[in-house]
Structure formats: C-alpha cells, structure tokens
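This report concerns only the one structure given below.
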Amino acid sequence: MNILFAASEAAPFCKTGGLADVAGSLPVALAEGGDNVAVILPLYAQVDGAWREKMTYRFYTYVDLAWRHEYCGVFSLEHRGVTWYFVDNERYFRRAKLYGEFDDGERFAFFSRAVAELLPRLDHMPDVVHCNDWQTALVPVYLKDFAVRREEYKRVRTVYTVHNIEYQGWLGEETVTDLLGLDRGWWNTGMLQMDGAVNLMKAGLMTADAVTTVSPTYARELRYPAFAHGLESVISAVSHKLTGVLNGIDMVSFDPAADAALPANYSASNLRGKTTCKAALRRELGLSAEKGTPILAIVSRLVGHKGTDLICQVFDQMMEKGVQLVVLGMGAPGYEDFFRRAQERYPGRVASCITYSDALARRIYAGADLYLMPSRSEPCGLSQMIAMRYGTVPIVRQTGGLNDSVRSCQTGQSDGTGFVFANYNAWDMLHVIGEAVSLYGSEGFRTVRRRCMEEDMSWGHSARIYRDIYGKLLG
Ligand code: GLC
C-alpha cells in the first residue's frame with residue numbers, strides 16, 4: 001500500500017506540539033510494517049541546515065489558488081524508511097513562526113492544494129492520503145474536486161485525523177472562490193460552511209473517507225458540546241466513519257536507556273541512573289537536596305485546558321503535601337507570572353522554567369518521580385506516556401487519552417500505572433496527589449514505577465489499526 005501523510009509539522013524537522021510527534025513516528029511504524037510511506041511537510045525557515053543538506057531538490061511547479069499563481073518547489077530526503085517531501089515557497093513558509101501569522105488561512109490553503117496537485121508527481125502515487133488537523137483539512141476537498149475530472153485521482157482514498165478539535169481554522173465566506181478556488185457548490189452543500197463562515201475542520205470531517213481521532217475516549221467525548229467546541233452536530237453526522245485510535249510514542253527517541261540528553265542512562269531493571277538524574281536535576285534547577293521528597297513535574301503549555309487553573313487554585317496546599325515542583329512550559333502570561341512568583345515564594349522547592357527545551361524536558365522526565373497532568377480535555381496526550389517510559393508515575397484526570405493510557409493504582413488494582421481523578425475539581429486533584437505522595441518511597445510505589453516503564457506504548461498496535469482502516473477503504 002502507498003501511504004502519504006500530509007501534516008503541518010513533524011519531528012525532528014519542525015515541531016510546536018504533539019502533532020509533530022505523531023507525524024514523525026506513526027509513518028515510521030507503518031513503514032516498518034512493510035508499507036510504502038511518505039510524509040509531506042512545508043519547508044519552513046525553522047527546518048535546520050543539517051536537514052537541508054540531506055535534501056535533494058526534485059522539481060518545481062506552480063500552484064493556482066483562485067487568481068494566485070504560486071511557486072511550489074519540492075525537496076525530499078530519506079529518513080528511517082520513509083520519504084519526507086518538503087514543499088518550498090519562501091513567501092509562505094519563511095516566517096518567524098510556524099503558525100499564528102495573519103495569513104495562515106492562505107498559507108495552508110496553498111499547502112493543501114499543493115499536496116493535492118503533487119500526488120501524481122511523487123515517487124509513488126498514493127493509495128491513501130492521511131491528513132491531520134485544520135492545516136491539511138482541505139486536502140480531501142481538493143482530492144474529491146479533482147477526481148471529478150482527472151482519472152488518476154479517482155482511486156485515492158483519504159483519512160482525516162483530529163488531534164485537537166479546539167483549533168478549527170475559520171475563514172470568511174468570500175474565500176471559497178477568491179482564495180480556495182472552489183466552486184460555490186462546496187459552500188452551498190454545507191461541506192465548508194459552519195455558522196456562516198468556512199470551517200476547515202468541518203470540511204475535512206465531511207469529505208474524508210474515514211475520520212479518526214487520537215484516543216477512543218476522546219472519540220466518545222466529541223459527541224458532547226463540552227468537548228466538541230461547536231462541532232458536535234458534525235461529529236454525529238460523521239460518527240459512522242469515526243474511530244478513536246490511541247497514539248503511541250517513539251520508543252527509540254524516548255528511551256531512558258539510550259537518551260543522550262540525560263546525565264545518566266537507566267532501565268526498569270537498573271534504576272541507579274534515575275537517582276543520578278534526580279540529583280543532577282536538583283543541582284541544575286537550584287532545588288535543595290531533600291532526602292525522601294518526591295519531585296512532581298509539569299511539562300505543558302500553560303493554558304486553561306491543560307488544567308493549569310486547578311494547580312493555581314490549590315498550589316499552597318499541594319506544596320504542603322511535601323513535594324518539590326518543577327514546571328517547564330510557556331503559555332498565558334498570567335500563568336507564567338504565577339509560576340515565576342511561586343519559585344520566589346518557595347526557594348529551593350519550586351523551579352519554574354518559563355521556556356521550552358526538548359533536552360530539558362527529557363532531563364525533567366528522567367529526574368522527576370511524579371508527573372502531573374490534570375487536563376480539562378486531552379485528545380491523547382503524549383507527555384504522560386513519555387513520563388511513564390522514564391519511570392515517572394503520572395497523576396492524571398480521567399479524560400481523553402489520559403483515560404486510555406493510565407490505569408489507576410489507587411483501588412489496589414494489580415495492574416495500575418498511575419493516579420487518576422475523575423472530576424475537574426482542584427480538591428479532588430489535591431486528594432490524589434496526597435495519595436501518590438504517601439505511596440512514594442514504598443515497595444508499592446516501586447512496583448507501579450516498574451509497570452510504567454514496562455508498559456508497551458509503541459506504535460505497533462495502533463499502526464495495525466490504521467492499516468486496517470486504510471485497507472477497508474481500498475476494499
Ligand atoms: C494534540 C492534542 C494532544 C495529542 C496530540 C497528538 O496536540 O492536544 O492531546 O496528544 O495532538 O495527537
């Protein structure tokens with residue numbers, strides 16, 4: 001099977017969030033299973049020189065977006081069994097950041113149309129094109145549009161994955177003809193239209209042959225307004241083709257036994273290196289060396305839906321439970337200030353790193369004992385899985401992928417891998433942090449930690465589910 005993955009970011013080339021981890025590792029897993037897999041990405045300024053040196057220039061063409069006639073260069077490289085294509089247009093992709101530009105709609109309409117136009121010119125004509133989030137939601141629309149007139153497009157099938165329904169991509173009605181270059185029929189039939197505007201995510205959901213989201217629990221939650229951000233009616237209209245598939249993590253990149261970013265390596269059977277990592281983390285971040293005190297870590301965007309408000313609400317009571325706290329992340333200025341202040345108020349006990357660094361994140365996953373993720377909603381969440389892989393026991397709220405990846409150990413279940421609370425309530429969270437802290441240091445805690453490290457979070461199982469979905473579409 002020839003599979004093309006279309007995404008707006010993929011590790012290790014360009015990354016702002018979890019989508020990059022998925023687009024960087026699921027294709028590799030599919031290729032390991034024997035499929036012919038390629039990924040197509042924008043060639044952002046942020047893709048660094050070392051990768052650019054490995055690229056081969058392939059060809060250029062022009063892509064028309066309504067009245068625009070835009071240059072489109074194509075580069076490629078081979079990496080981990082996958083062909084990675086890069087779409088070059090410096091006007092659109094040589095920017096200070098990946099997203100958040102005034103013309104994001106135009107930039108990703110260009111990218112999506114380019115992907116669709118390029119299919120027959122790639123090394124292998126894809127059987128399945130797998131698109132992700134609002135940035136590539138127009139790809140299935142264009143493919144369906146082209147298939148009406150162009151024979152080579154008739155066999156192509158599409159999968160659309162929702163990584164986070166909160167970010168939908170809204171454009172004005174006039175863009176249908178003036179930017180997207182589509183017939184008004186796409187608007188009149190309701191494929192693009194949502195509340196009087198163009199909604200790209202709706203377009204992807206409506207037009208793709210199959211729809212997936214990144215955990216089974218999130219797939220169920222999306223039926224409810226509290227989770228669907230206005231798209232609940234669309235979700236119910238597409239429920240016959242919707243599947244929740246839990247993400248995996250890249251077990252090679254995230255491996256405490258081999259991770260070069262750590263001061264010492266370790267594994268489930270020999271945890272001495274983890275003790276070294278904890279001591280080194282305390283020195284690096286100015287935390288005091290308190291024997292028997294667990295380090296509780298948070299690596300997260302500091303925004304509301306990650307549950308940051310719960311943490312602020314009971315912060316002092318949480319510190320009274322006897323933890324040291326490490327926070328890494330950026331986000332809403334109010335939360336950033338809160339954590340900076342917290343470090344001043346708790347010298348030697350709280351370390352707030354208001355930045356983002358992949359290497360520091362790894363040292364934190366390795367050096368901490370507990371990992372807090374109280375999200376209000378979490379489509380999948382990858383950091384709880386990375387924390388587990390590094391032997392750091394998660395404390396999570398029972399939602400989305402957190403519910404599907406962490407099993408509660410509180411009620412004496414013999415296979416628990418973490419601490420779970422159900423209600424979005426700061427005091428419930430606090431209670432569970434208390435349970436985790438009291439188990440810390442015991443044989444029971446060591447057992448839970450070992451189970452976390454031995455958990456299979458690889459892509460193997462989920463890659464098989466995706467392959468089944470592709471296979472069914474191809475008949
Ligand atoms: C988004 C979601 C996150 C998920 C990731 C990868 O970032 O918010 O929960 O893990 O996509 O699918």
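FYI, the numbering just counts along the sequence from 1. Numbering of ligands and ligand atoms starts at 1, following listing order. What's counted below: heavy atoms across the whole structure, side chains too, no hydrogens, waters or symmetry copies.
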Output block, N or O contacts of ligand 1, threshold 3.5 Å exclusive:
{"from": "ligand 1", "atom 1": "8 (O)", "to": "N164", "atom 2": "ND2", "distance (Å)": "3.2"}
{"from": "ligand 1", "atom 1": "9 (O)", "to": "E378", "atom 2": "OE2", "distance (Å)": "2.6"}
{"from": "ligand 1", "atom 1": "9 (O)", "to": "C380", "atom 2": "N", "distance (Å)": "3.0"}
{"from": "ligand 1", "atom 1": "9 (O)", "to": "G381", "atom 2": "N", "distance (Å)": "2.9"}
{"from": "ligand 1", "atom 1": "10 (O)", "to": "G381", "atom 2": "N", "distance (Å)": "2.8"}
{"from": "ligand 1", "atom 1": "12 (O)", "to": "H163", "atom 2": "ND1", "distance (Å)": "2.6"}
{"from": "ligand 1", "atom 1": "12 (O)", "to": "N247", "atom 2": "ND2", "distance (Å)": "2.8"}

**OP:** Anything under 30° is parallel, anything over 60° is perpendicular, the rest tilted; go ahead and classify Y44 against F108.
**Re:** tilted

Subject >> Sole residue of Y390, F419, Y365 in ring-ring contact (aromatic ring centres under 6.0 Å, His included) with Y371 >> reply: Y365

Subject >> Worked check of salt bridge (charged side-chain N to carboxylate O under 4.0 Å, His left out) between D415 and R451 >> reply: CA-CA 8 Å; D415 68 341; R451 267 189 226 128; over 6 Å; no

Subject >> Result of checking R449, R407, R389 against E455 for salt bridge (Lys or Arg N to Asp or Glu O under 4.0 Å) >> reply: R407

**OP:** Compute the ring centroids of H130 and Y470, then answer whether they are less than 6.0 Å apart.
**Re:** yes

**OP:** Only one of F75, F13, F111 passes ring-ring contact (aromatic ring centres under 6.0 Å, His included) with F86; say which it is.
**Re:** F13

